[in-house]
Asks: 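Pasting a structure below so you can have a look.
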Amino acid sequence: MNRVIVNTDWCKRCGICVEFCPVEVFTQEVDGTPVPEHLEKCTGCRMCVLRCPDFAVEVEVDKDGTK
Amino acid sequence: MNRVIVNTDWCKRCGICVEFCPVEVFTQEVDGTPVPEHLEKCTGCRMCVLRCPDFAVEVEVDKDGTK
Amino acid sequence: MSNMKFDDYLVKNKFPLFWCGGCGNGNVLGAIVRAFEELQLDRKNTVVVTGIGCWGKADDYINTNAFHGTHGRALAFATGIKLANPELKVLVLMGDGDGATIGGNHLIHAARRNVDLTAIVVNNLNYGMTGGQYSGTTPEASYTSTSPYGHIEQGFDLCKLVEGAGAPYVARGSVYNIVQLQKLIVEALNKKGFSFVEAIAPCPTHFGRRNGMKTGPKMLNWIKENSVNIKQAEKLSPEEREKKFVLGKFVDRDKEDYSTKYEKIFAIAENAE
Amino acid sequence: MSNMKFDDYLVKNKFPLFWCGGCGNGNVLGAIVRAFEELQLDRKNTVVVTGIGCWGKADDYINTNAFHGTHGRALAFATGIKLANPELKVLVLMGDGDGATIGGNHLIHAARRNVDLTAIVVNNLNYGMTGGQYSGTTPEASYTSTSPYGHIEQGFDLCKLVEGAGAPYVARGSVYNIVQLQKLIVEALNKKGFSFVEAIAPCPTHFGRRNGMKTGPKMLNWIKENSVNIKQAEKLSPEEREKKFVLGKFVDRDKEDYSTKYEKIFAIAENAE
Amino acid sequence: MKERWEIILSGVGGQGLIVSGSILGEAATIYENKNATLTSSYGTETRGTFTKSDIIISDGDIYYPEVMKEDAVLALAQVAYNRYVGSLDEEAVLIYDSGLVEDVKASRAKQLGFPITDIARELGNPAVANIVALGIIVKLTGVVSPEAVVKAIEGRFIKKPRVVELNTKAFNRGMELVKD
Amino acid sequence: MKERWEIILSGVGGQGLIVSGSILGEAATIYENKNATLTSSYGTETRGTFTKSDIIISDGDIYYPEVMKEDAVLALAQVAYNRYVGSLDEEAVLIYDSGLVEDVKASRAKQLGFPITDIARELGNPAVANIVALGIIVKLTGVVSPEAVVKAIEGRFIKKPRVVELNTKAFNRGMELVKD
Amino acid sequence: MEQNRRIRFIQGNEAIAEGAIAAGARFYAGYPITPSSEVAEVSSVRLPQVGGLYVQMEDEIGSIAAIIGASVAGKKSYTATSGPGFSLMQENLGVAVMAEVPCVIIDVQRSGPSTGLATKPAQGDVMQSRWGTHGDHGIIVISPSSVQDCYDLTIQAFNLSEKYRTPVIFLADEIVGHMREKAVLWEPSPDQIINRKKPTCDPKDYKPFKPDEDGIAPLAAYGSEYVFRVSGSTHDETGFANSKPDNADRFIRHYTDKIEKNKKDIVILRRFNLEDAEYAIVTFGCSTRSALEAMKIARNMGKKVGVLQLVTLWPFADDGVRELCRKVKGVVVPEMNLGQVIREVKRVNENNIPIVGVNKVNSEAITPFEILAGIEEVER
Amino acid sequence: MEQNRRIRFIQGNEAIAEGAIAAGARFYAGYPITPSSEVAEVSSVRLPQVGGLYVQMEDEIGSIAAIIGASVAGKKSYTATSGPGFSLMQENLGVAVMAEVPCVIIDVQRSGPSTGLATKPAQGDVMQSRWGTHGDHGIIVISPSSVQDCYDLTIQAFNLSEKYRTPVIFLADEIVGHMREKAVLWEPSPDQIINRKKPTCDPKDYKPFKPDEDGIAPLAAYGSEYVFRVSGSTHDETGFANSKPDNADRFIRHYTDKIEKNKKDIVILRRFNLEDAEYAIVTFGCSTRSALEAMKIARNMGKKVGVLQLVTLWPFADDGVRELCRKVKGVVVPEMNLGQVIREVKRVNENNIPIVGVNKVNSEAITPFEILAGIEEVER
Ligand SMILES: Cc1ncc(C[n+]2csc(CCOP(=O)(O)OP(=O)(O)O)c2C)c(N)n1
Ligand SMILES: Cc1ncc(C[n+]2csc(CCOP(=O)(O)OP(=O)(O)O)c2C)c(N)n1
Ligand code: SF4
Ligand code: SF4
Ligand code: SF4
Ligand code: SF4
Ligand code: SF4
Ligand code: SF4
Ligand SMILES: [Mg+2]
Ligand SMILES: [Mg+2]
């Protein structure tokens with residue numbers, strides 16, 4: 001499975017990663033912090049990385065599991 | 001015949017009326033002052049009036065003689 | 001009002017004109033006052049706004065209201081004048097340095113903002129007033145008092161620029177094609193919204209002298225030879241066209257002008273209160 | 001030089017970023033440093049020149065050389081930097097206020113002069129830094145802190161403007177189409193001569209909030225919905241097209257840049273002596 | 001009654017402290033004919049960091065508009081609390097949001113914690129925490145009358161009855177907190 | 001010899017008076033190690049109207065660079081002549097172009113008319129009238145040596161031998177006019 | 001405009017906009033800048049409500065140009081900015097001087113030269129407001145110390161501008177501009193408002209720069225019966241360019257003289273406890289507040305301290321300050337700059353009494369205690 | 001460059017351009033304006049001959065920006081303008097101050113505020129050169145009185161600019177700029193030329209705004225081993241924005257202090273016949289010539305008159321003038337303005353001796369006789 005890591009010190013809870021993940025990997029805490037909950041769905045497309053305006057998401061693609 | 005009058009107080013001897021009269025009505029004095037010498041050729045096109053940058057030429061078209 | 005002749009708009013006691021022999025400014029002045037005659041413009045309701053430069057002295061010879069401001073800022077002064085009293089007919093006379101080099105930002109924003117002004121830029125390809133230095137329209141490879149080794153910048157195609165900025169009326173004439181120039185000025189004055197006319201004109205004293213055309217006739221012939229009509233231009237390759245003065249009307253479209261739109265703001269604001 | 005990763009170009013001890021949550025500036029910053037990685041740019045030979053505005057703070061996060069000047073003048077500072085040392089890679093980062101409203105004249109003249117600079121204007125459709133007033137690119141009818149009754153000016157089509165001014169490379173991307181944006185920036189950086197990239201970006205705090213799009217996602221969706229590719233745009237009517245952000249590359253042509261031409265001047269001048 | 005009150009409202013950007021300060025100022029000046037000043041420090045550095053407003057309310061003239069000696073300080077964030085807790089003296093009262101300030105320290109000032117933001121959330125909108133806090137301050141200090149504050153709330157949101165209602169409720173709830 | 005010479009060259013725009021003044025200045029400073037100043041009044045009003053240059057040549061320091069008391073005045077136009085004819089005193093000499101100045105008046109100064117422009121035209125170019133005049137002035141005053149002027153002409157047009165030749169001829173012709 | 005008569009608790013910048021409208025201003029052109037932007041924002045809301053125009057220009061150069069143009073077209077006009085924008089306005093400020101165009105320029109000062117610190121206060125533009133544009137000229141500069149001042153003195157600024165046909169600088173600062181305070185927005189009666197003199201002569205005889213006996217020329221508006229020209233170049237009474245030395249002399253002196261010779265009418269000073277004062281604080285703008293607080297504390301300590309507030313900074317109150325320097329034993333001049341007004345105080349200090357500056361440029365307000373320390377220094 | 005060592009009979013403006021090149025300047029950016037344009041024209045010819053760049057910008061704002069940029073990129077740079085353009089440069093002049101960028105700005109003064117009279121002389125920008133940009137700052141201003149000065153002092157201007165990492169204003173005037181006079185264009189030896197200090201530390205440790213012991217920070221050039229940032233906002237030693245009060249205090253004071261505290265090194269005064277003088281003429285720029293002529297005449301008449309020429313206008317020679325005022329019975333200050341330098345003289349006139357201004361703004365030079373009349377007035 002891929003790893004999706006959110007740097008909560010840099011994250012501003014804008015919800016962009018949540019909104020635009022094509023496969024809805026993220027859920028959100030009450031205060032808006034994104035939680036990469038459904039990692040199993042992650043395609044490793046890295047759009048969350050590129051879309052995060054705060055350099056707060058990292059994705060480590062599980063090379064074996066890559067589709 | 002048409003009358004072509006040069007206001008020598010305003011004329012700056014630039015030679016434009018001389019150069020661009022389609023029928024070469026003008027000659028020039030030594031100091032450049034234009035002289036409407038060949039009035040008989042004047043067609044009354046008024047280009048000298050419009051081309052003079054110094055509002056120094058007037059043309060009175062002889063209505064009877066107008067082509 | 002009684003019937004006005006073109007020279008009724010001139011301040012004749014200031015003649016002879018300040019400009020050099022063969023200078024094209026007088027021709028543009030002539031085209032303007034003849035356009036005034038054609039339109040029978042009301043002197044009282046007309047304001048001529050000028051910048052600083054040889055052409056910027058044009059207001060000295062026009063007996064409407066006048067505002068002679070600073071180099072490059074004529075359009076900004078004019079914007080205030082027009083918006084404060086939308087009844088006025090406001091003409092803005094600028095040189096290529098004035099209107100398109102130092103004043104380029106006001107030009108593009110005025111075009112975008114679409115205030116009902118008529119801007120007439122006399123493009124003589126250099127700074128006449130200060131001794132013939134290169135301006136934003138000086139053609140590449142020509143000589144000026146500050147490009148002694150040949151100019152290495154391309155000059156603006158001012159009409160393209162102003163079109164790109166969104167102006168509803170854009171045209172170019174030349175002092176050689178004087179009748180067309182007058183026609184374009186008349187159209188521009190009639191246009192509601194921002195209208196722009198570029199007039200290619202000789203500065204024999206500086207641009208001409210440094211580029212082998214010391215006299216007015218020589219410069220006029222050069223302009224003539226390097227001009228093409230907008231229709232003919234279509235037949236040229238882009239490279240050929242870039243080297244020519246393309247004359248004619250480039251843009252003429254309807255857009256509501258700023259003051260007209262502002263009327264609606266008044267209505268909304270009153271209700272908002 | 002060792003292999004540089006995109007975040008090797010970032011000043012990470014200044015993080016978290018100054019910008020609001022959902023602000024598009026971070027995305028453009030990301031696209032830039034990723035472009036740096038792609039090109040393996042040498043920090044020492046790179047200068048980032050910024051203006052004043054939210055986007056103008058971008059240089060705080062880039063660890064190349066930096067020049068942070070005054071509002072609207074970044075291109076003029078950059079011109080001096082580049083001409084003084086043509087070996088430098090010079091990026092100029094400006095907001096729509098900075099680069100196209102107060103700085104519009106430097107923009108068009110830099111485009112015309114063709115100094116080898118890469119200008120990146122983040123167009124968030126208003127003045128973010130000072131509280132969301134309208135700028136020269138604010139769309140008609142939108143609300144800002146100084147157009148409380150709806151804006152009555154048309155905004156610039158910046159790419160058209162810069163094309164009209166003569167730039168050899170002109171492109172528009174958006175923060176939504178982030179991959180394309182990065183690609184355009186890479187191209188622009190590779191271009192010899194003046195290159196211009198406009199990046200449409202959200203300012204949720206001001207433009208968004210006042211126009212019903214309070215959050216980053218809402219603004220991004222709006223940008224997405226209002227964007228068309230340059231190819232698709234050709235199929236639209238001019239009126240339809242005017243309302244869209246047309247994305248893609250508009251101009252890409254070869255023109256000798258200023259410094260290259262100046263080399264020839266040196267040669268002539270030496271002989272002239 | 002005291003002639004001059006010096007109050008600080010502190011927290012982080014976006015908590016509406018300028019609004020609550022303004023309401024207090026309006027209550028004092030427009031509805032009680034007192035004088036009042038409100039100065040706020042605007043940050044340049046980072047959005048969403050420490051901010052504060054100084055409010056001075058007086059029957060007489062107010063010259064220097066910054067607080068020289070705090071009578072009351074509101075702290076709606078830990079960073080704000082930390083700033084004041086050590087420096088206040090016995091005569092001051094330090095009001096903090098017990099839901100947000102986790103690390104409470106010793107102080108010479110009287111300290112009072114209330115779950116301000118939680119209560120605002122209860123009322124349906126965490127954004128009215130500032131008004132809940134206002135209720136607490138007014139109740140504790142009596143710097144202006146509650147009626148004046150309610151009038152100020154009404155005057156400010158004159159075209160939005162629902163906002164008036166919510167804010168009045170929040171204000172009253174704040175007042176009640178002190179009673180309890 | 002006089003320690004300080006004050007000379008005015010006057011006429012209308014375009015007559016090359018700044019050039020002839022500069023040649024005089026160069027002759028004095030570069031080739032005779034004197035001091036010299038040249039100031040010209042630039043008009044704003046109309047192109048081609050009255051202009052003048054003030055030249056001061058001295059072995060000592062020159063402070064105030066405008067002519068306070070004329071030693072010699074050249075007038076190459078009626079308007080220029082009129083300006084000076086009445087105000088000069090006995091010690092001054094007024095040199096005018098007898099072809100251009102038609103209306104000669106009484107003066108306390110010594111007046112000398114020469115057909116300067118006509119002679120220049122004779123030499124093939126009316127534009128060297130200024131240099132003809134220079135010859136007259138140098139001959140009359142001796143303010144610098146003719147050799148120095150010729151060197152100055154040569155230095156100035158170093159790459160244009162034909163120009164040097166024409167100007168030197170004009171200068172000598174001016175000198176000769178006085179002899180006659 | 002019922003709310004216009006009300007007591008309000010507002011920012012200084014809001015009061016400035018309200019004051020401008022109360023003074024009859026109906027045209028604003030500007031370019032936003034912290035800490036002045038609220039003047040723009042409030043104007044953009046309020047002006048259209050009263051038939052006035054708000055327009056944002058492409059920069060500050062265009063902004064001042066537009067208000068000058070609008071003024072000649074008959075509208076009272078104003079702009080607001082801060083240091084960087086004020087620097088850009090300097091060239092066209094000269095046009096307003098030269099063409100004698102009434103208008104009000106609001107500079108809300110912020111910290112630092114160059115971009116500095118946009119949100120922090122300073123009083124660093126005092127000398128610039130007097131000398132920022134090239135060439136000789138006179139100028140009126142007014143500085144508010146409270147939100148009420150922002151309202152009252154903005155009206156006064158327009159009145160002086162109209163009366164003397166001259167630009168007036170309203171030199172506020174971040175503290176006064178951003179602080180909220182009680183302000184009574186009174187409705188001026190017609191006789192509290194001065195409007196520029198209009199010509200009454202036959203239109204043919206109108207000369208836009210020919211002064212009446214009071215030294216000021218009437219100013220028509222474009223579009224009336226009076227056709228006229230206005231120029232930023234050296235011109236004569238008709239507005240036509242004129243380079244004759246005596247004309248230049250006459251007009252360049254006029255621009256200074258019409259201000260300097262009317263000092264009595266223009267200069268506003270506020271005196272606090274000066275009757276028996278042994279030491280005086282000479283102050284202006286936001287620092288006045290610190291000075292008054294310091295005075296209060298000093299008086300409580302038994303020290304005879306008074307305050308002279310320069311409401312009008314320029315023309316400088318030579319006489320008032322000279323006289324003060326004759327009366328007291330020492331003067332303290334607190335300024336949020338490195339010593340600008342103090343230079344002027346020293347210039348007129350003919351008796352050479354001790355004058356001490358309290359200068360602070362760290363972007364924080366001067367405290368009363370810092371001024372008290374200054375008083376102690378001057379006592380020595 | 002053989003001609004570079006020659007005696008030339010040239011205009012002041014030409015000598016300025018030659019002086020700049022002799023000082024090592026290799027970058028000019030400007031926008032033409034009378035009466036400074038010859039500086040541009042000569043530079044456009046001469047710079048490319050020595051490998052330097054001439055570029056004309058779209059306006060004066062861009063011109064000063066470009067020379068600042070070029071300077072940080074390692075080239076000594078300059079621009080030339082006159083009042084209207086100098087006004088436009090004021091904002092970015094502040095950048096040069098704040099970012100401590102060496103560069104030389106030449107202002108050839110002309111008549112009038114606003115557009116005025118382009119071809120006529122004045123000395124109206126003295127105060128503007130000191131105070132024209134907003135916010136607190138220090139500045140060096142040098143004023144030439146001869147064509148030789150134009151050459152020598154331009155070199156000096158670059159030297160001071162490099163030494164103190166600060167913009168220097170070269171305040172000439174139409175008379176000196178346009179007059180032709182003998183000038184010896186000497187070739188400076190390397191030790192007559194000062195170049196900015198370059199950093200020598202490890203590139204990682206370089207802080208572009210950290211002063212050495214002499215108070216001045218070394219300045220690297222873009223493109224070297226030293227990667228650094230430069231900022232016109234309030235910044236700390238690293239060049240990063242910093243809004244802490246003590247940082248603002250430190251740097252804002254620094255910009256003034258580095259000039260004021262080095263007055264001894266910076267200020268150039270020329271004293272003529274002051275040893276036994278009973279009356280002194282304090283003067284600068286073109287008026288120096290009239291003053292010296294007046295002195296000569298007065299001495300011939302048996303009056304003990306001397307002249308103090310302020311070659312450096314700013315920082316003002318407080319000490320030199322104060323001392324003079326202690327020694328003489330009266331001072332005359334001739335200026336082609338309505339009294340700018342005289343304000344400073346009065347400020348330091350602690351003994352209250354009579355000081356008389358001879359002020360002329362009709363666009364003609366002050367004559368020696370007018371100064372003599374001033375001396376008579378001060379004698380009374
Ligand atoms: C701010 C400013 N910069 C420069 C000048 C000097 N200046 C006066 S006119 C002019 C250029 C004139 O050229 P252009 O506008 O093309 O008009 P032209 O004389 O060619 O008609 C310049 C640079 C000025 N007056 N003001
Ligand atoms: C000369 C000047 N005028 C105005 C300002 C104030 N100012 C700072 S940033 C800014 C606008 C920023 O808008 P933009 O350039 O679009 O950048 P954004 O903040 O939207 O990224 C303004 C008006 C200034 N600093 N300097
Ligand atoms: S996009 Fe980035 S900043 Fe926004 S919520 Fe996701 S991780 Fe946080
Ligand atoms: S990498 Fe793609 S799929 Fe995986 S979380 Fe990010 S956006 Fe979603
Ligand atoms: S065109 Fe006019 S100015 Fe020129 S020569 Fe003819 S009449 Fe004279
Ligand atoms: S009217 Fe026509 S034909 Fe007659 S002189 Fe003039 S240009 Fe020639
Ligand atoms: S210099 Fe050129 S533009 Fe100016 S008047 Fe002469 S010819 Fe015309
Ligand atoms: S105000 Fe707008 S542009 Fe500025 S940081 Fe916030 S979202 Fe971004
Ligand atoms: Mg031109
Ligand atoms: Mg923006």
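Below, chains carry the letters A, B, ... as their sequence lines are ordered, and counting in each starts from 1. Since this is a predicted model, take the numbers as computed values, not measurements.
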Asks: Surrounding NZ of G/Lys198 (heavy atoms of other residues, nucleotides or ligands, distance under 6.0 Å), is the total greater than 12?
Replies: yes
Asks: Return the set of residues passing side-chain contact (heavy atoms from CB on, under 4.5 Å) with G/Ala220 (not counting sequence neighbours), or none when no residue passes.
Replies: G/Pro199, G/Tyr206, G/Ser224, G/Tyr226, G/Phe228
Asks: Run C/His106 and G/Asp59 through side chain to side chain contact (heavy atoms under 4.5 Å, CB included) and show every step you take.
Replies: CA-CA 9 Å; C/His106 307 299; G/Asp59 61 16; 3.6 Å; yes
Asks: For G/Glu14, is there an ion pair with G/Arg46 - N to carboxylate O distance below 4.0 angstrom?
Replies: no
Asks: Measure distances from G/Phe27 to the heavy atoms of chain C and classify the residue's part below 4.5 Å as side chain, backbone, both or neither.
Replies: side chain
Asks: How many angstroms lie between CZ in C/Phe67 and CZ in C/Arg73, if you round to the nearest 0.5 Å?
Replies: 13.0 Å
Asks: Flag the one option from C/Asn85, C/Thr70, C/Thr79 with the top tally of heavy-atom pairs under 4.5 Å to chain G.
Replies: C/Thr70
Asks: Starting at OG of C/Ser195, measure out to CG of C/Asn190 and round the result to the nearest 0.5 Å.
Replies: 9.5 Å
Asks: Which region of G/Val227, side chain (C-beta onward) or backbone (N, CA, C, O), has a non-hydrogen atom less than 4.5 Å from a non-hydrogen atom of chain C, or is it both or neither?
Replies: both
Asks: Against chain G, label C/Val11 side chain, backbone, both or neither, depending on which of its atoms sit under 4.5 Å from a heavy atom there.
Replies: side chain
Asks: Go through the atoms of G/Ile67 and report whether side chain, backbone, both or neither lie under 4.5 Å from a heavy atom of chain C.
Replies: neither
Asks: Any chance you could lay out the side chain to side chain contact (heavy atoms under 4.5 Å, CB included) test for G/Trp131 and G/Ile139, step after step, and finish with the verdict?
Replies: CA-CA 9 Å; G/Trp131 301 107; G/Ile139 198 106; over 6 Å; no
Asks: May I ask you to name which of G/Gly69, G/Ser233, G/Gly232, G/Gly223 has the most heavy-atom pairs under 4.5 Å with chain C?
Replies: G/Gly69
Asks: Name all pairs fulfilling the salt bridge (Lys or Arg N to Asp or Glu O under 4.0 Å) condition that reach into residues 31-41 of chain C, sequence neighbours left out, sorted by first residue then second.
Replies: none
Asks: Provide the closest heavy-atom pair for C/Leu189 versus C/Ala35 in the form atom of the first, atom of the second, distance.
Replies: CD1-CB, 4.2 Å
Asks: Which one of C/Leu75, C/Thr50, C/Leu83 has the most heavy-atom pairs closer than 4.5 Å to chain G?
Replies: C/Leu83
Asks: Hey, is G/Glu162 close enough to G/Arg196 for a salt bridge, meaning N to O under 4.0 Å?
Replies: yes
Asks: Run the side chain to side chain contact (heavy atoms under 4.5 Å, CB included) test on C/Asp8 and C/Phe36 for me, step by step, so that the C-alpha distance in whole Å, both residues' side-chain angles and the decisive distance to 0.1 Å come before the verdict.
Replies: CA-CA 10 Å; C/Asp8 294 338; C/Phe36 282 8; over 6 Å; no
Asks: Report, in residue-number order, which members of residues 109-123 of chain C are under 4.5 Å from chain G by heavy-atom distance.
Replies: C/His109, C/Arg113
Asks: Considering only heavy atoms, which portion of C/Asp59 lies under 4.5 Å from any heavy atom of chain G: side chain, backbone, both, or neither?
Replies: both
Asks: Just give me the residue among G/Ile61, G/Ile64, G/Val72, G/Val45 that pairs up with chain C most often, heavy atom to heavy atom, under 4.5 Å.
Replies: G/Ile61
Asks: Return yes if a side-chain donor-acceptor contact under 3.5 Å exists between C/His71 and C/Asp98, otherwise no.
Replies: yes
Asks: Would you sort out whether C/Asn25 and C/Lys57 count as a side chain to side chain donor-acceptor pair (under 3.5 Å), showing the intermediate values?
Replies: CA-CA 9 Å; C/Asn25 288 335; C/Lys57 290 194 71 83; over 6 Å; no
Asks: What part of C/Phe266 gets closer than 4.5 Å to chain G, counting heavy atoms only: side chain, backbone, both or neither?
Replies: both
Asks: What part of C/Lys14 is in contact with chain G, defined as an atom under 4.5 angstrom from a non-hydrogen atom: side chain, backbone, both or neither?
Replies: side chain
Asks: Can you confirm whether or not the ring centre of C/Phe194 sits under 6.0 Å from the ring centre of C/Tyr169?
Replies: no
Asks: Is the shortest distance from a Lys or Arg side-chain nitrogen in C/Asp254 or C/Lys191 to a carboxylate oxygen in the other one below 4.0 Å?
Replies: yes
Asks: Can you find a heavy atom in the side chain of G/Tyr222 that is under 4.5 Å from one in the side chain of C/Thr46?
Replies: no
Asks: Heavy-atom distances under 4.5 Å only: say whether G/Tyr54 touches chain C with side chain, backbone, both or neither.
Replies: both
Asks: Residues of residues 78-107 of chain G under 4.5 Å from chain C (heavy atom pairs)?
Replies: G/Glu91, G/Asn92, G/Val95
Asks: Under 4.5 Å from any heavy atom of chain G, what part of C/Leu88 do you find: side chain, backbone, both or neither?
Replies: side chain
Asks: Between C/Val48, C/Asn45, C/Asn105, C/Val49, which residue shows the highest count of heavy-atom pairs closer than 4.5 Å to chain G?
Replies: C/Asn105
Asks: Give, as side chain, backbone, both or neither, the part of C/Ile108 having an atom under 4.5 angstrom from any heavy atom of chain G.
Replies: neither
Asks: Restricting to non-hydrogen atoms, name the atom on C/Phe77 and the atom on C/Gly69 that form the minimum distance, rounded to 0.1 Å.
Replies: CE1-CA, 3.9 Å
